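Computed from a prediction, not measured in an experiment: that's the story for all the values here.
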Amino acid sequence: MDGGHAIAATSQLQMEAVRHRQQPTGEEFTPLAASHVLRARPELEIHLDQDLADDSVPAAARWIVFDPVTRRSARIGLELHWWLSRLDGRQPLPRLVAQFAQQAELPPEEAWQRANMALHQLLVAGWLCPTGSPAGNVVHELSGWGRMGGGIRSAATWLAASTRWVVFRVRGVNPDRWLATVAPYTNGIYSPSAVRRWCAVGVFTLMGLMLDFHRLVEQTTSLQWLMQPRQTLQLLVILLLTRAAHELGHAIVCKRWGCRCPDIGLFLVCGAPCVYCDVSESWRLPGRRGRAAVAAAGVYTEFLLAILAAWVWLLTTTGQANMIALQVMVVCSISTLAVNLNPLMRFDGYYLLADLLNVTNLRGRADAARDRLLQRLLCGMPAQPIFRNWREIGWAGLSVASWCYRATLAGALAMAIVVVAENWNMTWMGRGMAGALLLSWLGLPLITGAWNMVQRGTSWKQRLRASALLSVLGVAILWTPLPSRRVGLGWLQPLHTQGVYALSDGRLISYRVPDGKRVSRDQTLFRLHNPELELERLDRLRAVAQAEQRLQAARVRRDLYAEDVDMQRFEAELEAARALLQSTEQQLADLTIRVTREGDFYRALRQSHDASPMRAVHHRWGTSGDIGRWVRRGTLLGVIGEGGPVAVVPLRQKQLADIAVGIPVELTLQDRHEVCSGRVMHIGHVETISGVWRAAFSTLPGVGQGGATLGHHSSSPVAAQWAALCSVELPADVAAGSSVAVVFHTPPRSILRRLVAWFNANARFLAN
């Protein structure tokens, strides 16, 4: 059935071949001998992607090739199908190439080049089984390694093997029988009517989130759901479970359409587990609707999880359930938009776009167009007419965009791995994993791509030109100054601060001044009561009265009876009694806490035993629940601030080398989402810069070490010893106590300088 369709489509084959004329294939002309024989694997299952008439095979026809051994499917076009239908192991390749040239009306050399390209794709896909040693040489030549030097080939192989652990697959179980039992009971989720209902619920849920959008942005940008080690571990568990639900959605919908899911297992990406399922048999479905349903099932399942999590988040404000719901929403939304639905990576969005455009090997076609453009620019080959077509330029742009997104994603993942590892005190392990990730995703593709581009030159002049241009480009990239930024979390506080302390032990009976209010000297702030001091004062008064009576009696005895009385002893007792009374009265006076200097008053946070990292509980001295609470002498009750708000940003030791006095900064007020500009005024010890303010608002775990605020609980997992004091231009209504996210615009540095600095720092660490 395959050969009949291809023979009947001679005109269409001519059209497709003419469309590819004069395109550099990336391979040199290879004169295959008559003894070279290749055979397509007989177990491959090939069927049309759409219903066609017996006498009509359009040029846009696509075939689905299913490999029963690897359980993978792929779509091919007319030309690859022509070769698969004729490689029977009996006809030599030169005869097939001659037939191909005759039917497509191509010159012999171009026919050999087209054959080279087609056979290379079939060999890479694993659909050919070579017969005899000569064919093995053909595989070696067509694979692209035949022209590479032995040293480079072995080095590339060693590097590829050394980074293979970055992504490692662990095969799991065959869930097909279980899926056959479960799939019929999922109509309430995956049937067409259920999908429409859930989409309506999703729109309604989105409207509810918009009503509380301020709280959602505030909790998300505070990063407390990510930065703490406990939260990071919880996020990894949620990520694993949502990935499992995503893949389970693919498997269930695949089974609902009558296809098998023979394997569900794990991918280990830098040691982090990620669930996968094999739904490649969905490409055997004859229409796009079924394939699109299977491809979109994972994203749809995450959409359902996000809806449920959103309602939990809307119905709660704090606590464990609220934090888990927030993490589920963030994971499902970010992973869906940035990875799964993104057509620039080989995930669900890529296959949906390929099916929508009805294009086979979408990534391969885009990469081929990019390579042809680079070959023109680097090797100086003549311009091809194909680049007069904007569609071909669009294919090349898609490949470049895909590579740029891959580089950005690799950099973001590497930074996230390093940050998480630092929070877990496993810095070196995180750096090693990040380096391996960058090497396997960026380093090796760049090295092999540059080498292949040099080898595509047809003469030594072209190869020399490509080598020189690539070298200049590499040096330019390494030496080009790139913007350098450092980020941190901090808080706003008054320029000058003074603490308000409890000078005596007592119970709080009243408070007079709210937060942020301007206070004047001698104004009452708090009132305390101590019954023991009142009783002690009565005892002191009684002791003074008794001392005065004894002194008066001694004077009478001395003056009337002329007795020899030691008056100094009685006078000393009276002075001691009066001193004790004065001390007690001073302690009673200190129970009324007054203002000692003018400024803005802020009540301090007090230690709370029910506060936990999962539940941010804020207690201020002077709330209604504090009435009657015992206050010990020396307790910090508040802060009086004077001067405009300044930003205090804790710094880690490694940030001190990049951040200096005078560099510009940008501050984002997390409670208002406004961006303000400023500069670094001073860098010093955090205790010296922040002073009593940090002590007043650091009673909760981590607050004051990386984002202390009056009204928001934010923490940093690493306690910083240094801090930067920044002057900022703030709106008039912004008061001290707001948390800020700070971006330091450090001097630009090239990639080479960054690498040298990193190597020097690590070398010093190893030497020590």
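Using a 4.5 Å heavy-atom threshold, the side chains of Leu216 and Met329 count as touching. Taking the side chain as every heavy atom from C-beta outward, Asp658 and Phe744 never approach each other to under 4.5 Å. In this structure, the side chains of Gln234 and Ile324 come closer than 4.5 Å at one or more pairs of heavy atoms. A 4.5 Å side-chain heavy-atom check between Phe303 and Cys332 finds every atom pair outside the cut-off. You'll find the side chain of Ile640 reaches within 4.5 Å of the side chain of Val500, heavy atoms only. A 4.5 Å side-chain heavy-atom check between Ile593 and Leu503 finds every atom pair outside the cut-off. Side-chain contact between Val646 and Leu492: absent, with no pair of heavy atoms (C-beta onward) separated by less than 4.5 Å. Within the 4.5 Å cutoff, no side-chain heavy atoms of Val740 are placed close to those of Trp491.
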Walk me through it: do Leu528 and Val631 pass the test side chain to side chain contact (heavy atoms under 4.5 Å, CB included)? CA-CA 8 Å; Leu528 306 179; Val631 181; 4.2 Å; yes
Criterion side chain to side chain contact (heavy atoms under 4.5 Å, CB included) on Val595 and Asp522, from CA distance to verdict: CA-CA 5 Å; Val595 179; Asp522 293 332; over 6 Å; no
Step-by-step side chain to side chain contact (heavy atoms under 4.5 Å, CB included) determination, His529 to Glu534: CA-CA 9 Å; His529 176 66; Glu534 296 288 348; 4.2 Å; yes
Run the numbers on Glu585 and Arg537 for salt bridge (charged side-chain N to carboxylate O under 4.0 Å, His left out), then give the verdict. CA-CA 7 Å; Glu585 290 179 343; Arg537 180 176 177 274; 3.7 Å; yes
Salt bridge (charged side-chain N to carboxylate O under 4.0 Å, His left out) for Arg633 and Asp505? Distances and angles first, verdict last. CA-CA 5 Å; Arg633 181 181 180 182; Asp505 296 343; over 6 Å; no
Step by step, would you call Gln582 with Gln587 a side chain to side chain donor-acceptor pair (under 3.5 Å)? CA-CA 9 Å; Gln582 185 179 2; Gln587 293 182 46; over 6 Å; no
Take Gln498 and Thr596 through the side chain to side chain contact (heavy atoms under 4.5 Å, CB included) test and state the conclusion after the steps. CA-CA 9 Å; Gln498 179 179 348; Thr596 57; 2.9 Å; yes
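One side chain, Arg527 or Thr592, offers a donor N or O that lies under 3.5 Å from an acceptor on the other. In the model, Thr524 has a side-chain atom that pairs as donor or acceptor with a side-chain atom of Arg594 under 3.5 Å. Side-chain contact of Glu302 with Thr242: a donor-acceptor pair under 3.5 Å is absent, judged by distance alone. With hydrogens and angles left out, the side-chain atoms of Glu573 and Gln568 include no donor and acceptor closer than 3.5 Å.
Residue Glu571 places its CD atom among more than 12 non-hydrogen atoms of other residues, nucleotides or ligands, all under 6.0 Å distant. Within a 6.0 Å radius of CZ in Arg518, other residues, nucleotides and ligands contribute more than 12 heavy atoms. The number of heavy-atom neighbours closer than 6.0 Å to CE of Met207, taken from other residues, nucleotides and ligands shown, is 12 or below. Enclosure of atom CZ in Arg753 is not indicated, since only 12 or fewer non-hydrogen atoms of other residues, nucleotides or ligands lie within 6.0 angstrom.
In this structure a side-chain-to-backbone donor-acceptor pair under 3.5 Å is missing from Asp590 to Ser504. Under a 3.5 Å cut-off, the side chain of Arg507 and the backbone N or O of Gly628 do form a donor-acceptor pair.
Interatomic distance, CG of Leu574 versus CZ of Phe570, reported as 11.5 Å (0.5 Å rounding). With values rounded to the nearest 0.5 angstrom, Glu642 atom CD is found 7.5 Å from Glu598 atom CD. Atom CD of Glu532 sits about 12.0 Å away from atom OG1 of Thr584, to the nearest 0.5 Å. Atom-to-atom distance recorded for Leu730:CG and Leu667:CG is 7.5 Å, nearest 0.5 angstrom. Atom CH2 of Trp313 sits about 7.0 Å away from atom CG of Asn322, to the nearest 0.5 Å. Here the OH-CD distance, from Tyr602 to Gln493, works out to 10.5 Å after rounding to the nearest 0.5 Å.
For the pair Phe601 and Gly638, the tightest heavy-atom approach, listed with the atom from each and the gap, is CE1-CA, 4.0 Å. Contact record, Val680 with Val661: O-CG1, 3.5 Å, taken as the closest heavy-atom pair. Closest of all the heavy-atom pairs between Val649 and Cys726 is CG2-SG, 4.5 Å. Closest approach of Val544 to Arg578, counting heavy atoms only: CG2-N, 3.7 Å. Of all non-hydrogen atoms in Met681 and Ser727, the two that sit nearest each other are SD-CB, 3.2 Å. Taking both residues in full, the closest heavy atoms of Ala696 and Ala604 are given as O-CB, 3.6 Å, listed atom of the first, atom of the second, then distance.
A salt bridge links Glu687 with Arg694: at least one charged nitrogen is closer than 4.0 Å to a carboxylate oxygen.
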